[in-house]
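What follows is a set of notes on a single structure, which appears directly below.
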Amino acid sequence: MKKLIVILILCFALFVILCSIPLFETHISGIENYRPADSTLSLSLYLFPGEDFLDRFVFDEGDYQYHYNGKLADGYATAFSVLQYSSEQYKASKEYCIQQFASIDDHQYQVGNWTFIEHLCYTSENEEGKYIVACQYPKIFNMYAYNDIDNTLLFLGYYTSDPDDPSTQLALTDFEAFYNTHYGQYYTLDE
């Protein structure tokens, strides 16, 4: 019996250790490396308003970043893209985003010349066992942003296993600080 207890304690300790260290940390950089399946959480799948979006509108400059910390517990992932367009292509791509994304009024933010809008793409199961589109902000979400002055679009994906984390709660209380904390290393909003 003592051996069984020791084995159980060791298994539990191993489980706790494995959950707290990165096992499969992933970082992908560059718009040419974007793949809809980069994120097992669908952050990259729902990043753009369609699979052909990057080919549909010609952008002048672009970047893509995906990061997953690889932890089973305390998981955290971000997806990010910035696309800068000519005036004509920008207007068409922005309009396409507005038409294609199912937006939510509750999570729209103005930061300088940027307008950020959450778009609904995640599902949850209702009482009848049917899946419905549901907001899970700030635990997991995708959003897009536009800047009419710079002809630039941003696309964000975010996931955390701890929605009560203070850096995640900034998404509810100070969106600019949230952006700077999680995406500022990729693109500063005053550019």
Side-chain angles (χ1 to χ4, degrees), residues 22-59 61-85 89-90 92-109 114-126 129-146 152-163 165 167-168 171 175 178-179 181-187:
L23 298 176
F24 309 106
E25 187 165 5
T26 305
H27 190 87
I28 300 168
S29 292
I31 196 72
E32 67 280 359
N33 296 317
Y34 165 77
R35 302 292 175 268
D38 286 341
S39 170
T40 58
L41 302 163
S42 299
L43 296 179
S44 51
L45 176 65
Y46 298 129
L47 196 61
F48 300 113
E51 289 183 28
D52 66 341
F53 182 76
L54 293 175
D55 296 323
R56 181 182 288 258
F57 304 100
V58 178
F59 54 90
E61 292 182 42
D63 191 23
Y64 167 72
Q65 301 289 326
Y66 173 74
H67 181 259
Y68 169 53
N69 70 355
K71 295 182 180 179
L72 298 175
D74 196 27
Y76 167 82
T78 59
F80 171 84
S81 183
V82 57
L83 302 172
Q84 189 168 30
Y85 297 90
Q89 288 292 298
Y90 170 74
S93 62
K94 175 187 166 186
E95 186 60 33
Y96 188 77
C97 289
I98 292 169
Q99 291 173 356
Q100 297 298 311
F101 284 138
S103 300
I104 184 165
D105 293 335
D106 291 345
H107 304 123
Q108 295 187 13
Y109 304 97
W114 292 94
T115 301
F116 288 84
I117 303 169
E118 180 190 12
H119 61 88
L120 294 177
C121 50
Y122 295 96
T123 58
S124 65
E125 195 171 352
N126 66 15
K130 295 181 180 177
Y131 285 93
I132 56 171
V133 176
C135 177
Q136 297 179 39
Y137 192 89
K139 181 177 180 168
I140 186 168
F141 64 88
N142 279 83
M143 63 176 28
Y144 69 102
Y146 58 85
T152 304
L153 296 175
L154 294 179
F155 301 89
L156 311 177
Y158 183 79
Y159 168 79
T160 182
S161 61
D162 182 11
D165 177 74
S167 71
T168 299
F175 191 80
F178 171 83
Y179 176 90
T181 299
H182 298 282
Y183 302 98
Q185 71 270 26
Y186 305 132
Y187 186 84

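Values in this document were obtained by computation on a predicted structure and should not be read as measured data.
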For the student: nearest non-hydrogen atoms of [X] and [Y], plus distance:
| X | Y | answer |
| --- | --- | --- |
| Tyr46 | His119 | O-CE1, 3.0 Å |
| Leu47 | Gly157 | CD1-N, 3.9 Å |
| Phe53 | Pro49 | CD1-CG, 3.5 Å |
| Thr78 | His182 | CG2-O, 4.4 Å |
| Tyr90 | Leu153 | CE1-CD2, 3.8 Å |

Output yes when a side-chain donor or acceptor of [X] lies under 3.5 Å from a complementary backbone atom of [Y], and no otherwise.
| X | Y | result |
| --- | --- | --- |
| Asp55 | Asp52 | no |
| Ser81 | Asp63 | yes |
| Thr26 | Phe24 | yes |

Exercise. Does atom CD of Glu51 have more than 12 heavy-atom neighbours from other groups under 6.0 Å away?
Worked result: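 Counting neighbours around CD of Glu51, 12 or fewer heavy atoms of other residues, nucleotides or ligands fall under 6.0 Å, so no.
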For this session: With rounding to the nearest 0.5 Å, note down the distance linking NE2 in His107 to CZ in Phe175.
Result: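 Atom-to-atom, His107:NE2 and Phe175:CZ are 10.5 Å apart.
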Problem set entry | side-chain contact (heavy atoms from CB on, under 4.5 Å) assessment of Cys97 paired with Glu95 | CA-CA 5 Å; Cys97 289; Glu95 186 60 33; over 6 Å; no
Exercise. Do the side-chain N and O atoms of Asp162 and Thr160 include a donor-acceptor pair separated by under 3.5 angstrom?
Worked result: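 Thr160 and Asp162 do not have a side-chain donor-acceptor pair below 3.5 Å.
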For this session: Verify the distance criterion only: is there a donor paired with an acceptor across the side chains of Asp106 and Tyr137 at less than 3.5 Å?
Result: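 Looking only at side-chain atoms, Tyr137 and Asp106 do not form any donor-acceptor pair under 3.5 Å.
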Would a line drawn from the ring center of [X] to the ring center of [Y] be shorter than 6.0 Å?
| X | Y | answer |
| --- | --- | --- |
| Tyr158 | Tyr76 | yes |
| Phe80 | Phe155 | no |
| Phe116 | Tyr179 | yes |

Problem set entry | side-chain contact (heavy atoms from CB on, under 4.5 Å) between Phe57 and Leu83, worked out | CA-CA 10 Å; Phe57 304 100; Leu83 302 172; over 6 Å; no
Exercise. Who are the side chain to side chain contact (heavy atoms under 4.5 Å, CB included) partners of Ser39, not counting sequence neighbours?
Worked result: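 Here the qualifying residues are Leu41, Leu43, Ser44, Tyr66.
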For this session: Identify, with sequence neighbours excluded, every residue that meets side chain to side chain donor-acceptor pair (under 3.5 Å) alongside Tyr159.
Result: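 Here no residue qualifies.
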